[in-house]
Amino acid sequence: MAIQNHVSDSHDGSVGKNKRYWAKVRQITPIICWLIFLIGFYLPFLVYNSNRSYFPEYYSELIFPVTLAAFSIVVVLTLLVSAVPTNLFRYITSILLVLGFVFWGMGDYFSVSYGQLNGLGLVFSQHANRGRLELWVILPLLLAAILFRKQILDNLSFIVLLILLAQIAIVIKGVITEPIDKQVQKESVDDEVFGVSQNKNIFIIVLDTFGSEYFQQILKEQAGLKHELKGFISYKDAISNYPVTKASIPSFLMGELIPEDVQYQKYLSDYVSEKGLPKQFEQMGYIVSVLSTSYLWFHHLYKKRFYYQLPKVEGYIKSNYWQLLDYAIFRMTPHILKPNVYNRGAWLVSNYVESGSPYRNEKPWISALVMDEYKEKMEVRGEEPRFKFLHFTLPHPKLIFDANCQLLTRFNYDDENMLNQSKCTLKKLLAIFEKMKHLNVFDSSLIVVMSDHGARMFESMQEDGLPSDYELKSAGILLMIKGVDALHPFEQVETPVSLIQVNKFIQDLSRHAGKIDWLEEGIRYFSSYRNEMLIRNTELANGIIYKVGENFSNPQSWEMERVTLRGCEPTKIPVRLNLESKNKGSICYRYGLSTYLKAKGGLRIVGDEAIVAWNSQVNKSNSEDYWQLLLKLESNQSTDALVMVNGDQTTAKSFRLNKGNNEIDFNLKAEHLNGNTALHLELMDKNTNYDLSQPKSITKVFLQGIEIKTN
């Protein structure tokens, strides 16, 4: 009888354990499912949806191969977590639930830009304060997950299931409604891209991010390079018209600045595709083909013409899902851990999942392989004239090659590595030229070698001056042109030109032969805008338009023309700025309000934290000289105010800002006007003590102008 009771008790205990186990399975399953779907599908979809043109595949194609693996991970994690003791299980479940909400919030609603999508120019230091704030938020949430685990599980478990279903619906809707704009990429690769004419060819070769300064340095170091570039004329003072590829190449192909009132994608499909340089040569009887190792949005430009998908070179990544997953994890990860996800450019997931070279995802590595393949496969295909647009992402960072195109074991974002990768790029380019000479088509070809923008090797993306270091380093480009049957020695000229001028020049050159020396000086504009990742169906982001004189590297050659303001009238410099924070119209001046917050080159108005561009380039030999600053303001009410220059308390001056027009006049030392100047203007309630750290917004002020006179 005792034995029977023992057996019965054992059986009841086993049944009880099984019930508790499956109860835990039911409780943890929606949480695990949500976490895996959130990290592996929903957040990657948000990244993909904002940057479709970066990826050749549809989103459904990216996630389909990993769906089964994700399901397996859900099953394994669910069974493992459910197996832990009940008390520990409650802690784990509550913490996972809270972390899910943290990841969701960080990746969906509170993400900020650290740089370009591909990792170029990531700036971690500027978000240090955000990182500290995140810790002050996340740590208490985790503590609450431990202390209030029962309340959290009782109230949030069912909500998680609803959130999961909603996010699944969002992704499914996105997949179903995704525009069928990648169809052209599904066509078979047309080998015509490798075909050249035995009589007449035009090659536009874009070496992405090749800076003018690095080309000049290489010319000094390599004495034999000029002989290998026989027939070319190099333009030392050439600039791009934009700091990024997505604007500079369409602008070049059209020979104009991109209109500010036209949606970007519409401009590509309706304007550039139908009227751009390739279309013009197609109408002239040329067989047009295109190659790009980076920007797959080129299919917008070349529909119904040859569009060349990336060659299937050995080692080329077959799916971009892992890189997309890296971007999603980067977005949802707290600031303090983001450098570990970035992994010095190798990225966290991609580095471990993808076999072979740790750089197999990097565009420079792919471009080097494609340039080699292009050289090998190039062949003569009849007499019909050819127009080739070849875009190689070299020497564009990541900086992974030495001067001999050998992969580095470690790399740094510095001048030396950029110089070496630029040397590698020229080595690949000269190899292509040698193949053209072997095919006897080099001399008879018109060849333009250009970069789409400068090297952008700046220490920080923080604005500092007008023009800023970012703008100066983005402008100077490599530009050299060889005419048909040009046999003259390599030559450099000082003529100031821009890519927009080159467009018409190429059309004219196609009708000429021999030495080229008549690319004439013209008015040059540089449009400096930000937020490249935000270009979708909107216009270009706001920015400053500069007029650039000769010698672009000299900041004094840059003159601010106006500020482009999406949805607003173009604003002249100095800007007439509305500072009323509650006035929705002031959003028109958002570029001036936020981007130049820490610039030395502007007027900072504490309250709306506004910056207005103010370039005060002066040269005074005597540091004891004084200057007279005249600030003209218009106010809609009376208030107290204070002005201070460059944070110098000795320049601070209190005054009464009356309703109507006001002129504020005070003296400054020459040292305060050395280069660009920051003018701090604080508006205060009456009898309020001056405190720059306590911003206030109580009035509407219009800045009419700044005038500087000698004492």
Side-chain angles (χ1 to χ4, degrees), residues 16-48 59-60 62-109 111 138-139 141-172 174-175 321-322 324-334 337 340-341 348-349 352-353:
K17 288 182 179 180
N18 287 336
K19 288 183 178 180
R20 287 194 297 271
Y21 178 81
W22 291 111
K24 289 189 289 184
V25 168
R26 288 191 296 273
Q27 187 175 35
I28 195 64
T29 296
I31 299 175
I32 297 292
C33 287
W34 179 48
L35 283 172
I36 298 302
F37 186 80
L38 177 72
I39 298 171
F41 299 92
Y42 179 72
L43 293 179
F45 173 75
L46 296 182
V47 177
Y48 174 88
Y59 188 67
S60 57
L62 288 170
I63 63 174
F64 180 76
V66 299
T67 302
L68 180 60
F71 177 78
S72 302
I73 292 174
V74 168
V75 173
V76 172
L77 286 179
T78 300
L79 296 178
L80 287 177
V81 174
S82 300
V84 302
T86 301
N87 289 336
L88 182 59
F89 171 83
R90 291 171 180 166
Y91 286 106
I92 294 176
T93 306
S94 179
I95 291 173
L96 288 178
L97 191 57
V98 170
L99 283 177
F101 281 97
V102 170
F103 294 155
W104 181 24
M106 295 278 290
D108 196 348
Y109 299 103
S111 63
I138 294 173
L139 292 178
L141 288 176
L142 292 178
L143 181 61
I146 295 173
L147 297 178
F148 305 103
R149 54 194 179 277
K150 185 178 185 304
Q151 293 86 339
I152 290 174
L153 293 176
D154 290 343
N155 293 283
L156 295 182
S157 295
F158 179 70
I159 295 176
V160 163
L161 181 59
L162 297 179
I163 294 173
L164 172 61
L165 294 176
Q167 291 179 347
I168 290 175
I170 290 173
V171 173
I172 291 176
V175 169
Y321 173 78
W322 302 115
L324 187 62
L325 181 60
D326 274 319
Y327 299 151
I329 294 175
F330 184 88
R331 285 183 60 167
M332 74 179 196
T333 302
L337 298 176
N340 301 96
V341 180
L348 178 65
V349 179
Y352 292 102
V353 173

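Please read these numbers as outputs of a predicted model, since none were measured by experiment.
- Going from atom OG1 of T78 over to atom CD of Q27 covers 12.0 Å, rounded to the nearest 0.5 Å.
- Note: I163 CD1 to Y42 OH = 10.0 Å, rounded to the nearest 0.5 Å.
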- Check the pair L38 / L164 against side chain to side chain contact (heavy atoms under 4.5 Å, CB included), numbers first and verdict last. CA-CA 8 Å; L38 177 72; L164 172 61; over 6 Å; no
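- Taking 4.5 Å as the limit, some side-chain heavy atom of W104 sits within range of a side-chain heavy atom of Q167.
- Listed for the Y321 side chain is a donor-acceptor partner under 3.5 Å among the backbone atoms of G40.
- With hydrogens and angles disregarded, no donor-acceptor distance shorter than 3.5 Å links the side chain of R331 to the backbone of A328.
- Between atom NZ of residue K24 and atom NZ of residue K19 there is a gap of 15.5 Å, rounded to the nearest 0.5 Å.
- No donor-acceptor pair under 3.5 Å is formed between the side chain of S94 and the backbone N or O of R90.
- Rounded to the nearest 0.5 Å, atoms CG (D326) and CH2 (W322) are 10.0 Å apart.
- How far CD1 of I28 is from CD1 of I32: 4.5 Å, rounded to the nearest 0.5 Å.
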Before giving the answer on side chain to side chain contact (heavy atoms under 4.5 Å, CB included), spell out for I73 and V76 the whole-Å C-alpha distance, their side-chain angles and the decisive distance to 0.1 Å. CA-CA 5 Å; I73 292 174; V76 172; 5.9 Å; no
Side chain to side chain contact (heavy atoms under 4.5 Å, CB included) between N340 and T333, worked out: CA-CA 10 Å; N340 301 96; T333 302; over 6 Å; no
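- At a threshold of 4.5 Å between non-hydrogen side-chain atoms, the residues F37 and V74 do not count as touching.
- Residues forming a ring-ring contact (aromatic ring centres under 6.0 Å, His included) with F45 (at least two apart in sequence, or on another chain): Y59.
- The two atoms that bring V47 and L324 nearest to each other are CG1-CD1, 3.8 Å, heavy atoms only.
- Within the structure, every pair that satisfies the ring pair (Phe, Tyr, Trp, His ring centres under 6.0 Å) test and touches residues 66-102, not counting sequence neighbours, is listed here: W34-F101.
- When atom types are taken as modelled, the side chain of Y21 and the backbone of L79 share a donor-acceptor pair closer than 3.5 angstrom.
- With contacts defined as side-chain heavy-atom distances shorter than 4.5 Å, the pair I138/V98 does not qualify.
- In this structure, I152 and A144 approach most closely via the heavy-atom pair CD1-O, 3.6 Å.
- Contact record, V81 with I92: CG1-CG2, 4.0 Å, taken as the closest heavy-atom pair.
- Listed here is the closest heavy atom pair of M332 and M106: O-CB, 3.4 Å.
- Partners of N87 under the side-chain hydrogen bond (donor to acceptor under 3.5 Å, both in side chains) rule, at least two apart in sequence or in another chain, do not exist in this structure.
- Annotation for I39 and L325: closest pair O-CD1, 3.3 Å, computed over non-hydrogen atoms.
- T93 contributes atom OG1, which lies 6.5 Å from atom CG of L96 (distance to the nearest 0.5 angstrom).
- Taking all atoms of both residues into account, the shortest heavy-atom contact from L46 to G107 is CD1-O, 4.2 Å.
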